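Below: one structure, written as C-alpha cells.
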2 protein chains.
Amino acid sequence: MTTDAFLADCRARLAFDLFSNTWNAVVLWALRDGPRRPVELRERIGGISSKVLTETLRRLQFNGLIDRHAHQGAGTRVEYELTPVGRSLLVPIDAVGAWAFAYGDQVMAAQEAACAHGRPSPTR
Amino acid sequence: MTTDAFLADCRARLAFDLFSNTWNAVVLWALRDGPRRPVELRERIGGISSKVLTETLRRLQFNGLIDRHAHQGAGTRVEYELTPVGRSLLVPIDAVGAWAFAYGDQVMAAQEAACAHGRPSPTR
DNA sequence: CGGAATCCAGAAAGATACTG
DNA sequence: CAGTATCTTTCTGGATTCCG
C-alpha cells in the first residue's frame, strides 16, 4: 500500500507526532501486558519522573490511546489501560523495535565513526 | 520476536530517539525515491526552513542513515541519498504510516471528543 | 499513592539575514 | 543554491514541593 505523502499536510504526520515524543511510545509499550498503576509504570520504565509520566498519560488519554480507571477504596488506586486503538499502535512500535534490534549496532558504529572523524555530534 | 524491554536502558530507545524528532522521519521518507537536492526536499516537504533541514540532514548523516554527495560544476549541486541502513528504516516508518492510514480518523475523533468534554489539549 | 503546581535548564525549531 | 550565523520563542523534561 505504501501510504505515500508523508509530506506537506498529510495525515501520517499525526502518527509521527505521536512518536516525536520521548515517552509516548515507551509508556504505551509498558502498558502492553495489561492495566498498570502509575507506580508500576515508573518501575518498569527507567528514569521517568512522576510529573512527566502524568503528562504523558494525559497526552495518550487525550488521543484516545489509553483509558484511565479510578478504583475507589482506601487510599487511591488508579490504573491505565490501552484502548483498542492504543493496542493497535503496538504493531508499528514493534516494527521500530525490531529495526533497532537488527540495525542498532550499525547506527552506533556510524556515530562512533563520525566522532572519530572529528564531526561534532548533533543532539540526536 | 517481540523485542521486549523498551524500558530502562534498552537499545530500542536508540530507534525511538531517531523518531522523537519532528523532521527525521519525514526527511527520510522524502528521500525514499532516490537522491534529492536540498531545494527539492524543501519543496516536497512542507514548512521546513533551510536551517532546520540542514540540521536534520546533518543528524541523519551522523547516524549513518544518509550520504551526502557534492557534485562539482557551475554553482553548487549537492545531493543526499539514503544509505542501506537508512533505507531499511523505511520499513518501520511505513508501518507507522500504515497505522495512521488505518486509525488516524479514530485518533482525531478522540481528540475532538476530549475537547468537547472540556479537557484541555496537551501539547501533543 | 496519585497528581497538581512551580521553577528551571536545555534543546528544538522558526525567522531573518548573510556568505561563497 | 547550499549553508551558516544570530536571535527569539516554544517545548520538553527534570527537580521539588505540597495536597487529598
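In the text below, chain A, chain B and the rest are named by the order of the sequence lines, each starting its count at 1. All values derive from a computational prediction rather than experimental measurement.
Listed pair A/Asn21 / D/dG13 meets the phosphate criterion, a side-chain N or O lying under 4.0 Å from OP1 or OP2. Within the structure, a side-chain polar atom (N or O) of A/Arg37 is placed less than 4.0 Å from OP1 or OP2 of C/dG2. The phosphate of D/dA2 (OP1 or OP2) has no side-chain N or O of B/Arg42 nearer than 4.0 angstrom.
A donor-acceptor pair under 3.5 Å is formed between the side chain of A/Asn63 and the backbone N or O of A/Arg59. In this structure, the side chain of A/Asp67 does not engage the main chain of A/Thr83 through any donor-acceptor pair within 3.5 Å. For A/Arg44 (side chain) and A/Ala30 (main-chain N/O), a donor-acceptor pair under 3.5 Å exists by modelled atom type. Judged by distance alone, the side chain of A/Asn21 and the main-chain N or O of A/Trp23 form a donor-acceptor pair under 3.5 Å.
Legend: salt bridge (Lys or Arg N to Asp or Glu O under 4.0 Å) pairs involving residues 79-89 of chain B, not counting sequence neighbours, sorted by first then second residue: B/Arg77-B/Glu79. Judged as a salt bridge (Lys or Arg N to Asp or Glu O under 4.0 Å), the pairs with a partner in residues 102-113 of chain A (not counting sequence neighbours) are, in order, A/Asp105-B/Arg11.
The CZ-P distance, from B/Arg36 to D/dC1, rounds to 15 Å in whole Å. Computed from coordinates, the A/Asp17 CG to D/dT10 P distance equals 18 Å when rounded to whole Å. The separation between A/Arg58 atom CZ and C/dA4 atom C1' is 9 Å, rounded to whole Å. C/dA5 atom P lies 17 Å from atom CG of A/Leu53, rounded to whole Å. D/dT6 atom C1' lies 12 Å from atom CD of B/Glu55, rounded to whole Å. Per the geometry, CZ belonging to B/Arg77 stands 17 Å off C1' belonging to D/dG3, to the nearest Å. In this structure, CD of A/Glu40 is placed 11 Å from P of C/dC1, rounded to the nearest angstrom. Rounded to an integer number of Å, the gap from CG of A/Leu57 to P of C/dC1 is 16 Å.
The side chain of B/Arg68 sits closest to D/dA2 out of C/dC1, D/dG13, D/dA2. Proximity note for A/Pro38 (side chain, C-beta onward) versus C/dG3, D/dC1, D/dG3: the nearest is C/dG3.
In terms of the side-chain hydrogen bond (donor to acceptor under 3.5 Å, both in side chains) criterion, B/Glu43 has no residue partners (sequence neighbours excluded). Here A/Arg42 pairs with nothing under the side-chain hydrogen bond (donor to acceptor under 3.5 Å, both in side chains) rule; sequence neighbours left out.
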Item to check | Per-nucleotide protein contact string for nucleotides 14-20 of chain C (B base, S sugar-phosphate only, - none; heavy atom under 4.0 Å) | outcome: BB----B
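We find that A/Glu55 and A/Lys51 are joined by a salt bridge, their nearest charged nitrogen and carboxylate oxygen being less than 4.0 Å apart.
Taking the screw axis at each terminus of the helix from C/dC1-D/dG20 to C/dG20-D/dC1 from five consecutive base pairs, the angle between the two is 30° to within rounding of 10 degrees.
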